[in-house]
Amino acid sequence: MMTKWFSRGWLGSVYIFLYLPILSLVVFSFNESTLVTVWSQFSFKWYQSLMHDQELIDGLLLSLRIAFTCAALSVVLGTMGALVVVRYKKFRGRVLFESMLNMPLVMPEVIMALSVMLLLVMVQDLTGIGGRDMKTILLGHTQLGMAYAAVVVASRLRELNISLEEAAQDLGARPLQVFWYVTLPLILPSLVSAFLLTFTLSFDDVVISAFLAGPGATTLPVVIFSRAKFGLNPTVNAAAAATIFVVTACVILSALYESRLRRRRLREARQRDAAQAVAPSATPAAPRQPVSVSPSVEQKHYIKEES
């Protein structure tokens, strides 16, 4: 009994530690006072101000564009890298290629952002072409996102039965057809997972965006971070609370959709089992054929001697 209460208390304290700050932020987003830590009265004032804050709106739209593009590029490049690592076991430079593919996972984002920024500055000095804008932020985010996508897709590729692809090749399918009709449907869930993961990483990134953003390209996390440095703005609370509402709604809808799919699969499995159980009893028994027993050679010889 003591262990049971201790586990429940520990679980409750973890939930409080994780979600109490988020709950307090949502509550104070409805505070009318300009002081974000002093409650005055309930109001939608800062949500109305958020609708007219052009800087936050532009940052949100830019973050969404970069996140969608980065997720798409990361999935494509990460899938290509995962196919090379998993399907081709021996080639010159394989260890170096796999190490370089996984290096962004362990390298600090500050180092990555600084290296990309110095590269862009050098290119701009040599060619006179360049500048920090949306494309530079997208370059830094894709460099990080493709590493995460490659890990997710590679873990799925290692679990696949390669005999399915070999059977398709034996039936005359070309390599591109094998990938499009066999491999791609099997790894599709991992591609969706990689897309959502890289989208989230790109949308809420601050370090790389702060280094690579220019005067005309500032993402939403950078805007919020720059405002937080000079004191908390209640409009920022409203923006954060709105983001929490959207994410919570997406998570709930996803959970409901997964639960619905699970129930449908279970119902189909039960119907299939019931049909298989009824099928043998419903099948009429075949009529018994008369068995003709022909006498053997020894029997024929014995009958002939007796006669």
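Counting heavy atoms from C-beta outward, Asn237 and Trp46 have side chains that stay 4.5 Å or more apart. At a threshold of 4.5 Å between non-hydrogen side-chain atoms, the residues Leu186 and Leu164 count as touching. The side-chain heavy atoms of Val116 and Ile208, taken from C-beta on, include no pair separated by under 4.5 Å. When side chains are defined from C-beta on, Ser155 does not count as touching Ser190, because their heavy atoms never get closer than 4.5 Å. By the 4.5 Å heavy-atom criterion applied to side chains, Leu220 and Leu64 are not counted as neighbours. Between Ser29 and Tyr47, some side-chain heavy-atom pair lies under the 4.5 Å cut-off. When side chains are defined from C-beta on, Phe195 counts as touching Phe68, because their heavy atoms get closer than 4.5 Å.
Taken to the nearest 0.5 Å, the OG1 atom of Thr219 stands 10.0 Å off from the CG atom of Leu212.
Criterion: ILVMFWY side-chain heavy atoms under 4.5 Å apart, direct or through other members. Under it, Met146 and Leu119 are not part of a common hydrophobic cluster. Taken together through direct or relayed side-chain contacts under 4.5 Å among Ile, Leu, Val, Met, Phe, Trp and Tyr, Leu18 and Trp10 form part of one hydrophobic cluster.
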**Q.** Candidate pair Phe44 and Phe42, rule ring-ring contact (aromatic ring centres under 6.0 Å, His included), full reasoning
**A.** CA-CA 7 Å; Phe44 290 98; Phe42 185 88; 5.3 Å; yes
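Ser74 and His141 form no side-chain donor-acceptor contact under 3.5 Å, judged by distance and modelled atom types alone. In this structure, a donor-acceptor pair under 3.5 Å is absent between the side chains of Ser33 and Asn31.
The side-chain contact (heavy atoms from CB on, under 4.5 Å) test with Val75 singles out one residue from Val192, Leu191, Val152, Val153, and that residue is Leu191.
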